[in-house]
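Residue numbers begin at 1 in each chain, while the letters A, B, ... track the order of the sequences.
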Amino acid sequence: MLHSRIESRLREAVLAVVPDADPSAVQVRPASDAKLGDYQSSVVMGLAKPRGLNPRALAADVVARLDVGEWCEAVEVAGPGFLNFRLSASAIESALAGAVAAPVPFVEPARPRRTVVIDFSSPNVAKPMHIGHVRSTVLGDALARTLRLLGHEVVTDNHIGDWGTQFGMLLLGWKTRLDPAALARDPIAELERIYKAVNAACDADPAVRGAAKAELVRLQGGDADNLGIWREMIRLSQSQFDAIYGRLGVTFDHTLGESFYNPWLAQVVADMAARGIARDSEGAMAVFSRGDVAPKDDPFKIQRDGAWHDMPLLVQKSDGGFNYATTDLATLDYRIRTWSPTDILYVTDGRQQGHFRQVFAAFQAWKPEAAAATRLHHVWFGSILGEDGKPFKTRSGDTVRLGEVLDEAEERAWAVVREKRPDLPEAVQREIARVVGVGAVKYQDLLPNRQSDYVFSWDKMLALQGNTSPYLQYQYTRAAKVVRDGGWTPAAGAGIRVGTPEERALARHLLNFGLVLAAVAEEARPNYLCNYLYELAGWSSRFYEACPVLRSEEPLRSSRLALCHLTARVLKAGLECLGIGVSEQM
RNA sequence: GCGCCCGUAGCUCAGCUGGAUAGAGCAUCCGCCUUCUAAGCGGAUGGCCGGAGGUUCGAGUCCUCCCGGGCGCGCCA
């Protein structure tokens with residue numbers, strides 16, 4: 001891409017003038033204002049300051065050594081020492097022509113190819129998938145898709161909650177309170193009902209709690225009846241998950257739930273104990289601070305009443321049972337042994353930050369060589385709040401089911417399609433509504449910075465105007481339609497000319513697609529891509545307003561058709577990275 | 001108490017790890033469809049970036065303190 005070529009030439013020039021400069025600090029970015037150029041760099045100002053040099057003079061020295069003449073007009077030194085690059089029309093035009101032939105336009109395969117394991121979605125067995133699962137599922141899927149498009153190897157793993165103390169209550173409920181007719185009608189609702197009923201009974205009556213605990217012990221001991229019921233609950237839940245994932249278009253390479261790691265848990269704790277990483281604490285096994293960092297940065301320390309206290313990570317309960325920390329450590333070990341990843345991404349709620357800090361640190365202590373080879377990232381996101389600013393629930397206090405959100409989204413989209421396109425048959429309208437409705441839900445979740453809490457609003461989530469997926473899908477449809485009507489194919493169109501300001505603005509924005517994808521991958525923030533695509537849609541819309549395509553004379557007509565073609569492809573590829581589909585007509 | 005996060009237009013939020021004049025959507029107001037899809041485009045209104053200091057060529061972004069809010073803090077996940 002032009003950007004990376006310019007950046008590496010600038011790096012050479014800077015190092016020629018300032019040999020001890022940090023090469024990674026030499027960065028070229030899209031210009032903040034089109035009037036200033038297409039790309040800009042502020043690197044020389046940062047270099048001049050500590051060296052006591054005049055920034056503008058240093059900039060002039062760098063420019064004298066800089067050879068970007070094949071792509072740019074004369075480089076300008078502006079303001080306190082900015083370097084402004086303006087692409088030549090011929091460079092833009094040949095980049096566009098190259099993109100027509102490329103498998104993915106404006107994207108080149110990422111340089112060091114990484115192997116990235118992504119842990120996301122992770123719903124719980126016997127519970128409905130609810131609105132809270134949207135963020136992890138949609139974010140994780142978007143990151144997987146983006147990393148794959150960039151050429152990285154991705155392993156997606158759905159770490160479902162299929163083990164744990166809740167199964168004691170579920171088993172007891174299954175045996176004593178199950179309504180078979182209700183189970184047949186809506187399995188998850190019935191499982192949820194018996195769980196809540198037993199949970200309430202446990203609070204009221206210690207004997208019930210004891211009975212639930214006994215069921216759990218029998219399950220853990222390998223009791224055939226309980227294992228059979230447990231497997232049935234997983235099967236019922238998995239078919240619910242599959243239905244939702246099918247609607248969302250989300251797939252996983254693996255679904256290795258918590259129970260998969262049971263055979264290793266005892267060994268994990270024993271090995272950690274043998275290596276002196278974990279030790280007995282009040283009857284439990286725990287990982288303590290090694291005292292190698294300041295207390296405030298130590299995940300195993302906490303301050304209380306003015307003094308720092310130990311805050312260990314428990315890897316085995318005093319009753320001998322294991323907990324999620326144990327499972328997470330076994331999982332981490334398994335993933336590294338199995339896939340040798342360069343990175344592992346955990347896409348979860350921000351409230352688990354402390355937990356993951358402890359798990360990562362404990363693993364680092366336990367297996368330093370494995371930890372050194374793999375970067376661990378907690379890709380966390382904020383909470384979904386109700387309009388009152390409190391955690392989002394329905395009026396009756398229940399969580400909002402994901403399936404119902406998708407139903408409502410598709411229904412609302414269908415109403416719009418009926419109004420806009422009464423000429424289409426209902427089956428076609430329904431299909432458009434499906435793509436638009438599901439896309440709207442996903443986009444609304446991907447658009448905000450993932451770390452913000454966000455306020456749930458049906459109207460906002462399902463809005464079809466403004467910076468929303470329907471708008472992006474609509475702009476794709478327009479561009480694709482023009483290309484179809486023009487009878488243009490990539491084989492036919494060679495020459496692209498960018499003459500008008502609108503053509504040039506659209507073209508220069510297209511060039512930065514790969515740059516944005518790299519930023520999304522680097523920071524695990526798909527919202528960068530959302531904003532890029534929204535801007536692209538705006539530029540393309542302004543282009544249509546100003547530049548007739550089909551009514552232009554050749555060779556302008558073919559040139560503009562090629563621009564439409566590239567716009568459509570980038571919109572489609574970008575939306576695909578977000579897990580959002582397009583329709584050829586809307 | 002300690003830690004993490006947040007506070008930007010009336011509302012909901014961006015702001016690319018310190019760059020040039022702080023941007024969108026919604027809402028309000030004014031224009032644009034006999035011309036390739038108006039789910040659109042153009043324009044207007046709207047800001048002490050919670051407050052006070054500091055760091056430097058340059059701060060919404062970094063540091064300190066204060067105010068206000070959310071979350072977390074041993075055997076749940």
Any side-chain N or O of K49(A) below 4.0 angstrom from OP1/OP2 of C57(B)? no
Compare the minimum distances between each of G19(B), U37(B), A39(B) and the side chain of R29(A), then state the nucleotide with the smallest one. G19(B)
Considering only atom C1', compute the distance from C5(B) to G54(B) and round it to an integer number of Å. 24 Å
Selection from C71(B), C26(B), G3(B) that lies nearest to any side-chain heavy atom of K296(A): G3(B)
With a non-hydrogen cut-off below 4.0 angstrom, is M45(A) in contact with a base, only sugar-phosphate, or nothing? base
Span that lies between the C1' atom of U61(B) and that of G18(B), in whole angstrom: 7 Å
Validate the cation-pi geometry between R29(A) and Y39(A): distance from NZ or CZ to the six-membered ring centre under 6.0 Å, angle to the ring axis within 45°. no
By nearest atom, which of the nucleotides A38(B), G74(B), G15(B) is closest to the N527(A) side chain? G15(B)
Picking from C75(B), G25(B), G40(B), the nucleotide nearest the side-chain atoms of L314(A) would be C75(B)
Ring centres under 6.0 Å, that's the criterion: do Y261(A) and H159(A) meet it? yes
Tell me which nucleotide among A38(B), C71(B), U21(B) gets nearest to the side chain of R351(A). C71(B)
Ignoring hydrogens and angles, write down the donor-acceptor pairs under 3.5 Å from the side chains of residues 309-316 of chain A, residues two or more places apart or on other chains.
| residue | atom | partner | partner atom | Å |
| --- | --- | --- | --- | --- |
| H309(A) | NE2 | R304(A) | O | 3.2 |
| D310(A) | OD1 | K301(A) | NZ | 3.2 |
| Q316(A) | NE2 | G320(A) | O | 2.8 |

Check this one for me: any side-chain N or O of K317(A) less than 4.0 Å away from OP1 or OP2 of C76(B)? yes
Y443(A) and Y534(A): aromatic ring centres closer than 6.0 Å? no
Under 3.5 Å on both distances, the Watson-Crick or G-U partner of G40(B): C32(B)
Checking contacts here: which listed nucleotide (A20(B), A39(B), A77(B)) is nearest the side-chain heavy atoms of N323(A)? A77(B)
So R551(A), base contact, sugar-phosphate only, or nothing? Heavy-atom distance under 4.0 Å. base
Quick test of the criterion, 5.5 Å between centres and less than 30° between planes. Is Y471(A) stacked on G40(B) or not? no
Once you apply a heavy-atom cut-off of 4.0 Å, does T327(A) come out as touching a base, just sugar-phosphate, or nothing? nothing
Would you kindly compare E523(A) and Q585(A) by the position of their nearest RNA chain B nucleotide and give the one closer to the 5′ end? E523(A)
Is there a Watson-Crick or G-U wobble partner for C62(B) with both distances under 3.5 Å, and which nucleotide is it? G54(B)
Using a 4.0 Å heavy-atom cut-off across all strands, classify E535(A) as base, sugar-phosphate, or nothing. nothing
Can you tell which of C5(B), A14(B), C2(B) lies closest to the side chain of N449(A)? A14(B)
In whole Å, measure the gap between the C1' atoms of G42(B) and G19(B) for me. 30 Å
Touch check for Q40(A), heavy atoms < 4.0 angstrom, all strands: base, sugar-phosphate only, or nothing? base
Is there a Watson-Crick or G-U wobble partner for G18(B) with both distances under 3.5 Å, and if so, which one is it? none
Taking atom C1' in both C32(B) and A14(B), compute the distance separating them and give it to the nearest angstrom. 29 Å
E502(A)-Y544(A) side chain donor-acceptor pair, cut-off 3.5 Å: no
Searching all strands shown, indicate the nucleotide that pairs with C73(B) (Watson-Crick or G-U wobble; both distances under 3.5 Å). G1(B)
Out of C13(B), C75(B), G19(B), which nucleotide sits closest to the side chain of F82(A)? G19(B)
Sorted by chain and number, sequence neighbours left out, side-chain contact (heavy atoms from CB on, under 4.5 Å) with W380(A) holds for Q353(A), H378(A), Q451(A)
What interatomic distance, in whole Å, is found between P of G1(B) and the corresponding atom of A20(B)? 38 Å
Hey, which of these two, W308(A) or F322(A), hits RNA chain B nearer its 5' end, going by closest nucleotide? W308(A)
Does a nitrogen or oxygen in the side chain of Y474(A) sit under 4.0 Å from OP1 or OP2 of G40(B)? no
Counting only distance, no hydrogens or angles, is the base of A20(B) paired donor-acceptor with the side chain of N84(A) under 3.5 Å? yes
Pairing partner of G23(B) (Watson-Crick or G-U wobble, both distances under 3.5 Å): C13(B)
Describe the nucleic acid contact of V516(A) in one word from base, sugar-phosphate, nothing, applying a heavy-atom distance below 4.0 Å. nothing
So which nucleotide from C16(B), A39(B), U21(B) ends up closest to the side chain of Y528(A)? C16(B)
